[in-house]
Amino acid sequence: MSAPGELAVLSGVILDAGLKATLMMGAASALSLLLGRSGAWASASVRHAVWAASLGCLPVLPWMAHRRGALIAVDAPWVFQLWAVGAALAAVPLLLGLLRLAWLRREATPGPGGVLYHPRLAGPVTWGLLRPVVLLPAAARDWAGPIRDAALAHERAHIARRDWPVHIAAWCVCVLFWFHPAVWLARRRLAQEAEHAADDAVLAQGVRPSDYASLLVGLAQGGQPRVALGVARSPVGQRVQAVLGTRSRGSRRWPIWLLALLLAGLSLPALGAWPTWTAPQDTLTCQ
């Protein structure tokens with residue numbers, strides 16, 4: 001009998017983390033659905049916090065799996081090699097998107113209030129961590145005042161909520177779990193809930209729902225960088241229905257963050273130590 005090589009251990013880590021990520025994403029989906037039907041807890045901000053906390057816990061799973069070492073090894077080094085290639089390819093759209101944002105900022109024209117304008121942009125977007133950028137299409141200079149104000153309120157709501165850093169962190173998690181469709185679906189749901197929550201923040205400022213719905217429809221056809229956040233980032237039909245409907249629009253997220261972190265603190269150790277399988281050591285060879 002010989003000790004398994006590192007590639008065998010890493011292959012086991014990928015498989016173990018993927019299986020356990022399925023359980024976490026299933027739990028997040030169930031919790032989001034339950035909260036969506038529970039009155040005061042039905043706000044988009046709450047559902048966004050659920051998805052953010054769940055995705056944030058996923059990178060812990062490979063670390064916990066690796067701690068089990070040889071016990072989790074799988075004599076299939078190609079698993080890790082395939083994962084490495086896939087992760088590199090999955091990172092390409094993210095890197096290209098960030099480069100495009102840098103290009104947009106460099107080519108943009110400054111306007112009043114620190115807002116930037118770009119002629120090749122179809123709709124408002126925002127991004128940035130320490131120095132957030134709000135970028136509007138050049139045509140926005142001719143928008144009616146209430147429309148421009150509503151669009152800016154939406155982008156500034158993203159900044160106040162720190163949605164963009166969460167969005168990028170979720171994309172990095174997707175690079176790590178590129179092979180898992182439920183993780184990509186969770187990132188999509190996270191982005192959609194961020195847009196709904198920003199819409200709720202605009203309506204909380206007194207904007208008429210019908211006027212704001214018209215703005216969303218008008219901007220729905222505009223293409224935007226996927227790594228940015230903006231007014232037209234998620235399906236317009238769902239957002240218009242949410243804007244015109246009657247539902248909770250609360251913005252308090254800290255209770256659900258505390259609940260999610262508490263549940264993660266209780267479940268992650270047990271989930272990480274759960275022996276999905278025990279490698280037959282006598283069948284492993286050094287890689």
Side-chain angles (χ1 to χ4, degrees), residues 3-34 47-95 97 166-193 226-227 260-287:
E6 185 63 18
L7 280 181
V9 174
L10 292 174
S11 295
V13 166
I14 297 301
L15 295 175
D16 182 86
L19 288 172
K20 293 174 180 178
T22 302
L23 297 178
M24 291 199 66
M25 293 298 94
S29 180
L31 181 58
S32 177
L33 181 62
L34 178 64
R47 294 193 300 273
H48 179 268
V50 169
W51 288 112
S54 301
L55 286 167
C57 289
L58 290 186
V60 181
L61 293 176
W63 174 76
M64 300 188 80
H66 192 269
R67 292 186 64 188
R68 295 178 61 206
L71 294 176
I72 207 170
V74 174
D75 193 14
W78 59 268
V79 171
F80 176 75
Q81 294 165 350
L82 178 63
W83 171 85
V85 172
L89 293 176
V92 170
L94 173 61
L95 296 176
V166 175
H167 176 67
I168 295 301
W171 200 315
C172 292
V173 173
C174 284
V175 171
L176 183 63
F177 287 86
W178 63 266
F179 55 90
H180 205 308
V183 177
W184 289 97
L185 179 60
R187 184 191 69 84
R188 180 181 178 184
R189 290 291 304 276
L190 178 80
Q192 289 175 349
E193 298 298 355
R226 295 177 61 195
V227 295
L261 292 175
L262 176 62
L263 292 175
L266 294 175
S267 63
L268 274 177
L271 188 61
W274 171 44
T276 311
W277 64 82
T278 299
Q281 297 301 307
D282 56 346
T283 64
L284 294 172
T285 57
C286 293
Q287 304 299 331

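The analysis underlying the following values was restricted to heavy atoms, covering all of them including side chains, and did not include hydrogens, waters or symmetry mates. For reference, positions follow the sequence shown, starting with 1.
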(message) Looking at Val50, is its backbone amide N or carbonyl O close enough to the side chain of Ser54 to form a donor-acceptor pair, meaning the two atoms are under 3.5 Å apart?
(response) yes
(request) Spell out, as yes or no, whether a donor-acceptor pair under 3.5 Å connects the side chain of Trp51 to the backbone of Arg187. (result) no
Where do [X] and [Y] come nearest, in terms of heavy atoms and distance?
{"X": "Val13", "Y": "Ala65", "result": "CG2-C, 4.0 Å"}
{"X": "Ala52", "Y": "Leu190", "result": "N-CD1, 3.5 Å"}
{"X": "Pro93", "Y": "Trp171", "result": "CB-CZ2, 4.1 Å"}
{"X": "Ala186", "Y": "Leu55", "result": "CB-CD2, 3.9 Å"}
{"X": "Leu94", "Y": "Cys172", "result": "CD2-SG, 4.1 Å"}

Kindly compute the distance separating [atom1] ([X]) from [atom2] ([Y]), expressed to the nearest 0.5 Å.
{"X": "Leu176", "Y": "Leu61", "atom1": "CG", "atom2": "CG", "answer": "9.5 Å"}
{"X": "Met24", "Y": "Ser29", "atom1": "CE", "atom2": "OG", "answer": "13.0 Å"}
{"X": "Gln81", "Y": "Leu7", "atom1": "CD", "atom2": "CG", "answer": "6.0 Å"}

Are the side chains of [X] and [Y] in touch, meaning some heavy atoms are under 4.5 Å apart?
{"X": "Ile72", "Y": "Leu15", "answer": "no"}
{"X": "Leu185", "Y": "Met25", "answer": "no"}
{"X": "Trp184", "Y": "Phe179", "answer": "no"}
{"X": "Leu58", "Y": "Val183", "answer": "yes"}
{"X": "His66", "Y": "Leu10", "answer": "yes"}

(request) Check Arg188, His48, Arg47 against Glu193 for a side-chain hydrogen bond (donor to acceptor under 3.5 Å, both in side chains) and give me the one that passes. (result) Arg47
(message) Just to verify, which of Trp83, Phe80, Trp78 counts as forming a side-chain contact (heavy atoms from CB on, under 4.5 Å) with Ser11?
(response) Phe80
